[in-house]
> 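Sharing a structure, written as structure tokens. Questions coming.
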Amino acid sequence: MKRSIAWSGLCIALATLAGCGGGMKQEQKVQIVDYHVHLKGALGLDDALAISRVTGVRFGIAQNCGKGFPVTDDAGLLAYVESMRGKGVFVAMQAEGREWVTMFSPQAIARCDYVFTDSMTWRDDKGRRMRLWVPNEVFVDDKQQFMDMLVERTVWILENEPIDIYVNPTFLPAVIAEEYDALWTDQRMDRVIDAAVRNGVAIEINTRYRLPSERFIGRAKQAGATFACGTNNGGANDLGDWSYCEEMITRYGLTPEDMFCPRPDGQKAIQRKPLPKLKY
Ligand SMILES: [Zn+2]
């Protein structure tokens with residue numbers, strides 16, 4: 001297995017314990033960790049561990065937590081954490097929808113190694129709750145106005161929700177996905193990037209959706225963002241290809257210092273920022 005330099009004293013310790021960096025070594029090469037793996041479909045923990053062993057890529061296994069998802073309260077979250085501890089993976093919470101901030105206690109959330117969310121579920125200005133990956137729940141009355149809302153919600157999430165990673169970043173619903181490059185203007189990108197950097201939230205490089213775009217990653221790198229590789233697999237067949245992460249790491253010269261590493265107890269996002277009131 002390739003070794004990479006660890007990017008802080010704390011991370012060296014964590015990396016050695018949990019395997020996110022690889023240990024104290026000399027060469028500035030990123031060792032990929034997939035922080036966004038789900039045990040779904042045919043993929044069980046043993047299968048995930050087997051893939052991890054063969055590929056040398058460490059995993060963070062995430063449970064979907066929130067309204068309409070398998071885990072909806074502290075008891076479920078703690079049972080999940082318990083079931084994953086000591087199994088050689090990071091234990092992650094995927095916070096779903098915006099309602100999650102009202103459903104879990106900071107103490108339970110802090111038992112996870114890290115928390116992530118996306119900006120794919122929110123209420124629009126007319127109060128319609130949208131899940132952007134569900135076509136019949138998406139309302140795009142006006143593309144520009146929709147984009148302004150998406151950026152506003154995303155910035156609000158990054159500013160207010162105690163998360164460590166922003167995942168599925170810049171995802172657009174199918175109805176406008178083909179216009180990604182035109183709709184994600186530099187100005188819109190920079191608002192999201194700026195909020196992520198200011199709030200210490202890492203930006204996922206999603207290898208399955210190939211998101212965010214190269215242009216976004218380049219601008220984020222310039223702005224001093226931190227990145228985290230992730231797949232968001234839907235089952236067993238779409239895990240194991242990290243080529244987009246690898247391409248972006250090479251293209252933008254990302255080093256271990258540019259990459260996310262779960263923070264130690266006491267410094268997690270949930271321990272630095274209170275849970276906000278539900279807004280969207
Ligand atoms: Zn996910």
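Start at 1 and go down the list; that is how both ligands and their atoms are numbered. Everything quoted here is computed from the prediction, not taken from an experiment.
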> Is the Zn ion (ligand 1) under 2.8 Å from any N, O or S atom of Q94?
yes
> Please check this pair: side chain of T255 against backbone of E257, looking for a donor-acceptor N/O pair closer than 3.5 Å.
yes
> Is it true that W100 and E161 share a donor-acceptor pair across their side chains at a distance under 3.5 Å?
yes
> Restricting to N, O or S atoms, which atom of H36 is closest to the Zn ion (ligand 1)?
NE2
> Kindly state each residue pair satisfying ring pair (Phe, Tyr, Trp, His ring centres under 6.0 Å) with at least one member in residues 111-142, sequence neighbours excluded.
Y35-Y114, H36-F116, Y114-F260, W122-F146
> Below 2.8 Å, can you find an N, O or S atom of N168 next to the Zn ion (ligand 1)?
no
> Knowing that exactly one of D148, D124, D118, D125 qualifies, which makes a salt bridge (charged side-chain N to carboxylate O under 4.0 Å, His left out) with R153?
D125
